[in-house]
Amino acid sequence: MSKESGRNAAKHIVNMYPHLFLKDFAEPHIPCLMPENIQPQIEGVSEEALNERIKLRRVKESVDLFDRLLQGGTTPTLETTNKLLDLICVYGDREPSMDDQENQQDDNETETVKNENNSLKRTPAGKKWRENNNAERIFNLMPERNAHSYCTMIRGMVKHGAYAQAFSMYTDLLNNRLTGDVYTFNALILAAPDTKTEFKDKSDLIMELLNHMVLQKVTPNLLTFNSVMKSLRRMGPMMKNMAMQTLMEMKALKIEPSLATYRYLLAVFYRSGDKTSQSQLLAAILEQVRGKSFTAKDPDDYLFFSEAMKVVSTLMS
């Protein structure tokens with residue numbers, strides 16, 4: 001982590017002051033070690049200039065240039081407008097900070113806070129989705145929209161905590177006879193527990209989304225099942241049977257669980273102070289991972305071992 005942090009710091013300095021690093025000592029030339037061109041080169045109001053600013057992640061400049069193109073009677077292509085939506089939805093209609101660029105947070109990372117009634121409530125750890133922001137405004141101005149347009153909006157809403165709006169947008173997608181992609185379904189599955197109050201309604205909504213994937217012929221991936229497990233973890237030990245069914249479905253589809261899968265499974269079965277949990281599950285998981293070499297496939301893979309140690313501490317206390 002220290003070496004990676006050093007690389008990021010060095011890259012930041014090189015890109016912030018490219019005029020100090022103009023001399024190229026490498027033979028042959030190594031492009032990735034030279035400063036990135038982070039200043040716009042295309043002047044004027046054109047779609048090429050808009051694409052350049054999108055690539056440079058200049059959110060405000062991109063939105064302003066889009067508006068100027070419309071005012072001048074030029075409508076950007078659907079592809080370019082979708083790229084602009086991608087940019088705005090990733091950063092929540094705000095300029096990216098260095099933290100955003102170097103260490104993107106998990107799309108559904110949340111923190112738990114207490115509301116006025118002293119009950120627990122989950123809120124996104126990142127920026128909140130603002131109503132009538134530029135993403136929504138541009139989406140409504142688009143003369144035509146495709147599945148990419150809707151899916152980008154849904155994932156942006158989920159990422160920034162607008163769960164109800166995300167499901168409303170998904171309904172619009174279905175009403176327009178379009179289909180979602182696997183990443184959109186993964187996001188909706190993560191958001192499902194936040195749109196319902198009863199445990200049964202939450203689990204039913206997750207199952208409904210999985211059935212929609214079947215009907216729309218969308219193939220689930222590892223992160224789909226991990227999203228299910230992550231949502232079940234938040235719903236508590238009552239979801240043990242559904243968690244095991246999810247694991248069996250993964251095996252049936254020949255999808256190898258990642259360390260995060262086991263982490264979520266442990267979290268479903270074990271709660272702090274719960275002495276009745278089956279210690280055999282932990283032993284079985286450790287047997288599964290023993291002697292194996294893992295490549296990170298889920299942002300939470302690295303948290304497995306700390307979760308396992310918590311379980312051991314609970315069982316021994």
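For clarity, every value in this text was computed on a predicted model and none was experimentally measured.
Side-chain atoms of R57 and E95, non-hydrogen and from C-beta on, never get closer than 4.5 Å to each other. Looking only at side-chain heavy atoms (C-beta outward), V228 and L232 come within less than 4.5 Å of each other. Put simply, the side chain of L85 reaches to within 4.5 Å of the side chain of M142, judged on heavy atoms. At least one side-chain heavy atom of P76 sits less than 4.5 Å from a side-chain heavy atom of F66. By the 4.5 Å heavy-atom criterion applied to side chains, F305 and L259 are counted as neighbours. Two residues are said to be in side-chain contact when any heavy atoms from C-beta on lie closer than 4.5 Å; F269 and M244 meet this criterion. Within the 4.5 Å cutoff, the side chain of L69 has no heavy atoms near those of the T75 side chain.
Just one of T184, D86, N186 meets the side-chain hydrogen bond (donor to acceptor under 3.5 Å, both in side chains) condition when paired with R155; it is T184. The salt bridge (charged side-chain N to carboxylate O under 4.0 Å, His left out) with R53 is formed by just one residue from the set E48, E47, E43, E61; it is E61.
The two residues R94 and V59 have their closest heavy-atom pair at O-CG2, 3.3 Å. Scanning both residues, L178 and N146, for their nearest heavy atoms gives CD1-C, 3.9 Å. For the pair H160 and C89, the tightest heavy-atom approach, listed with the atom from each and the gap, is NE2-O, 3.0 Å. Residues A308 and L282 come closest through the heavy atom pair CB-CD1, 4.2 Å. Taking all atoms of both residues into account, the shortest heavy-atom contact from I54 to S62 is N-OG, 3.4 Å. When all heavy atoms of P193 and M235 are compared, the pair lying nearest together is CG-SD, 4.3 Å.
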Inset, instruction - Might you work through the side chain to side chain contact (heavy atoms under 4.5 Å, CB included) test for L84 and I138, ending with a clear yes or no? - result: CA-CA 9 Å; L84 179 57; I138 291 172; 3.6 Å; yes

Inset, instruction - Would you check, one step at a time, whether the test side-chain hydrogen bond (donor to acceptor under 3.5 Å, both in side chains) holds for S258 with D298? - result: CA-CA 7 Å; S258 73; D298 185 293; 5.0 Å; no

Inset, instruction - Kindly determine whether L87 and R58 satisfy side chain to side chain contact (heavy atoms under 4.5 Å, CB included), including the steps that lead there. - result: CA-CA 9 Å; L87 176 69; R58 303 288 185 93; over 6 Å; no

Inset, instruction - Any chance you could lay out the side chain to side chain contact (heavy atoms under 4.5 Å, CB included) test for Q245 and M239, step after step, and finish with the verdict? - result: CA-CA 10 Å; Q245 291 171 3; M239 297 293 109; over 6 Å; no

Legend entry - Audit row: N82, T152, side-chain hydrogen bond (donor to acceptor under 3.5 Å, both in side chains) steps and yes/no: CA-CA 8 Å; N82 279 340; T152 292; 5.9 Å; no

Inset, instruction - Take T80 and T77 through the side-chain hydrogen bond (donor to acceptor under 3.5 Å, both in side chains) test and state the conclusion after the steps. - result: CA-CA 5 Å; T80 298; T77 63; 3.1 Å; yes

Inset, instruction - Run the numbers on D67 and R137 for salt bridge (charged side-chain N to carboxylate O under 4.0 Å, His left out), then give the verdict. - result: CA-CA 11 Å; D67 289 337; R137 180 177 65 84; 3.0 Å; yes

Inset, instruction - Would you sort out whether M157 and Y163 count as a side chain to side chain contact (heavy atoms under 4.5 Å, CB included), showing the intermediate values? - result: CA-CA 6 Å; M157 289 171 173; Y163 308 120; over 6 Å; no

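Side chain of D201 to backbone of K196: no donor-acceptor contact under 3.5 angstrom is found. Using modelled atom types, one side-chain atom of S231 and one backbone atom of I189 make a donor-acceptor pair closer than 3.5 Å. One N or O on the side chain of N133 and one on the backbone of R130 form a donor-acceptor pair closer than 3.5 Å. Panel note: side chain D300, backbone L303; no donor-acceptor pair is recorded below 3.5 Å. Using a distance-only test at 3.5 Å, with no hydrogens or angles considered, no donor-acceptor pair links the side chain of T74 to the main chain of L70.
Under a hydrophobic-cluster definition in which Ile, Leu, Val, Met, Phe, Trp and Tyr are linked whenever side-chain heavy atoms come within less than 4.5 Å, directly or via other members, V45 and I42 are assigned to different clusters. The same ILVMFWY cluster, assembled from side-chain heavy atoms under 4.5 Å apart, contains both L50 and F139. Hydrophobic clustering (ILVMFWY, side-chain heavy atoms < 4.5 Å, transitive): L205 and F185 are in one cluster. At a threshold of 4.5 Å between side-chain heavy atoms, the hydrophobic network of Ile, Leu, Val, Met, Phe, Trp and Tyr places M207 and M229 in one connected group. Cluster membership for V214 and V218, using ILVMFWY side-chain heavy atoms within less than 4.5 angstrom, is not shared.
For the atom pair CD of E208 and CD1 of I206, the computed distance is 11.5 Å after rounding to the nearest 0.5 Å. Here the CD atom belonging to Q165 is positioned 7.0 Å from the CD atom belonging to E136, to the nearest 0.5 angstrom. For the atom pair CD (E307) and CD1 (I285), the distance works out to 10.0 Å, reported to the nearest 0.5 Å. Distance check, rounded to the nearest 0.5 Å: CG of L247 to OH of Y264 gives 14.0 Å. We find the CG-OG1 distance between N176 and T171 to be 11.0 Å, quoted to the nearest 0.5 Å. With rounding to the nearest 0.5 angstrom, the CD atom of E249 is 8.5 Å from the CG atom of L210.
Between E4 and R7 there is a salt bridge, since at least one side-chain N of the basic residue sits less than 4.0 Å from a carboxylate O of the acidic one. Salt-bridge annotation for D64 and K60: present, with a side-chain N of the basic residue lying under 4.0 Å from a carboxylate O of the acidic one. A salt bridge does not link K297 with D301: every distance from a Lys NZ or Arg NE/NH1/NH2 to an Asp or Glu carboxylate oxygen is 4.0 Å or more. A salt bridge does not link D194 with K202: none of the charged nitrogens is closer than 4.0 Å to a carboxylate oxygen.
Annotation: K217, atom NZ; neighbour count of heavy atoms from other residues, nucleotides and ligands within 6.0 Å does not exceed 12. Counted within 6.0 Å of CZ on F294, heavy atoms from surrounding residues, nucleotides or ligands total more than 12; the atom is thus considered enclosed. Within 6.0 Å of CD in Q216 there are more than 12 heavy atoms belonging to other residues, nucleotides or ligands.
The closest side-chain donor-acceptor pair between T224 and N221 falls under 3.5 angstrom.
R145 pairs by the side chain to side chain donor-acceptor pair (under 3.5 Å) definition with nothing, not counting sequence neighbours.
Within the structure, ring-ring contact (aromatic ring centres under 6.0 Å, His included) pairs that include any residue of residues 192-235 comprise Y170-H212 (at least two apart or interchain).
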